[in-house]
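Numbers restart at 1 for each chain; the letters A, B, ... are given by sequence-line order, proteins then strands.
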Amino acid sequence: MSDLKTVVLNDVHQQLGAKMVPFAGYNMPVRYSSDLDEHHTVRRAVGIFDVSHMGEFRVRGPHALDLIQRVTSNDASKLADGKAQYSCLPNNEGGIVDDLLVYKLADEDYMLVVNASNIDKDWNWISQHNTQGADLQNVSDEMSLFAVQGPKAADALQGLTAADLKSIPYYSFVQGEFAGVPDVIISATGYTGAGGFELYVPNQSARQVWDKIMEAGQPYGLKPIGLGARDTLRLEMGYCLYGNDIDDTTSPLEGGLGWITKFTKEFTNSAALKQQKEQGVTRKLVGFVMDAAGIPRSHYPLVTEAGEVIGEVTSGTQSPSLGKGVGLGYVKTEYSQPGTPIFVQVRGKNLPATVSKLPLVKGTEE
Amino acid sequence: MNLPSELKYTKEHEWVRVEGDVAYVGITDFAQKELGDIVYVDIDSADKDVAKDEVFGTVEAVKTVSDLFSPLSGTVLEVNSKLGDSPELVNSDPYGDGWMIKMSVGNAAEVDALLSAEAYGELVGA
């Protein structure tokens, strides 16, 4: 425990009554009040998450794009300035090193945002591929990241910046003054499906930005939200969590990430992945909804009515929005069509569920 | 932390209220806070004999699932039917309407061996 890292606002979260847990090597707030209440706050109004554990790398110079194109699966040459892209780092064995966001700040100037649990692994992986000498910098310990998510996010934040928040398209960003702090990256991205922004802030200004958001959000019902609700929110949308739904052994094509695997360029393991795409995968990551009381959890077997094992749950929870158990899991491809009845083995009982289209719910509620 | 002194406790975070030769069992205020929102209580041991420390059911929170261990040996006489529709009672009233099972007390010596409120409080740092 002694080597657990803390975010800049660790004390603030404790003062707010958060239950703190170790997550990805950081002491992080899992909930402030109630998972369900925090979940509904984001779907219906607006909440703020401190996700400063996430890692940020800057990639600059004439070889920046070449390096990003080599290590990521999506086509970063399509990015215009001020655009972000979801992508992944394939490994050489058919799996995934990590999933990430690629931001194009300007020509020859990019930012990669990676999972906290993988910062060292990704850094080593990307550095190893940096044969042409792109300027690579790990700024993870200098930046804080707040996600302000929910249908009222733009209204709650608009008073803090001159940037016209509602005009920032999804997966786009602007850099500007925010809450009195210059050069904040205001990104219309998130991990909840509820809309809103992610704000990249230098550590020394983190407290100021957090306090101003808490104050400005008050009339809109803004509350701090923990990792518990972050997980239920992303799971309802079918967003992958690295380490659960995708990992070193799952292919991007199996994991439903074919849409960010672009064979318009060469990248790590692209030839093998292209072949896999042509031949078809034998298992696929699907979302499903329980048809009986019971909650799927990671590693529970997925079976047929006859009890034949067809896969495994990778993430599961009780969906606060649906009031039913929901999950993600890998199944043999022939069971992956939406509408297919499957069964989840919960403590020895085979409970019925249905493979469902993602997202499982609408991202916002009235 | 709410730890009624008339109750007995286990290190598995259950409480026991003995009334004559029957006992009511639930989970402690500390346990419900640790688990977070309870969304499902799965107990299928009604009318069954359970041994001390045997699993009599599971409680599902949004984030986690946790086994429920019988604090005593005896027969499960009743499962709190209110928890079917309102599992959140475990959060809002853990020592009252959030009780989980009513069981017979098979061995009175086991009751004496349970933790006092004070001893349990020390265990959880209250």
Assess whether side-chain contact (heavy atoms from CB on, under 4.5 Å) is satisfied between A:I295 and B:D42, documenting all intermediate values.
CA-CA 10 Å; A:I295 301 171; B:D42 185 10; over 6 Å; no
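Contact count against chain B (heavy-atom pairs under 4.5 Å) is highest for A:R297 among A:R31, A:R347, A:H39, A:R297. Chain A forms more heavy-atom pairs under 4.5 Å with one residue of B:K33, B:E34, B:E60 than with any other, namely B:E60.
Within a 6.0 Å radius of CD in B:E118, other residues, nucleotides and ligands contribute 12 heavy atoms or fewer. Shown here is B:E19, whose CD atom has more than 12 heavy atoms of other residues, nucleotides or ligands within 6.0 Å. Other residues, nucleotides and ligands place more than 12 heavy atoms under 6.0 Å from the CD atom of B:E78.
Results of the side-chain contact (heavy atoms from CB on, under 4.5 Å) test with B:K63 over A:V21, A:D35, A:L227 single out A:D35 as the only residue that passes.
Heavy-atom distances place the side chain of A:K349, and not its backbone, under 4.5 Å from chain B. With a 4.5 Å cut-off on non-hydrogen atoms, B:I38 does not touch chain A at all. The part of B:T64 that comes within reach of chain A is its backbone (N, CA, C, O), which places non-hydrogen atoms under 4.5 angstrom from that chain.
To the nearest 0.5 Å, atom NZ of residue A:K324 and atom OH of residue B:Y40 are 14.5 Å apart.
Across B:V62 and A:T317, no two heavy atoms sit closer than the pair O-OG1, 2.9 Å.
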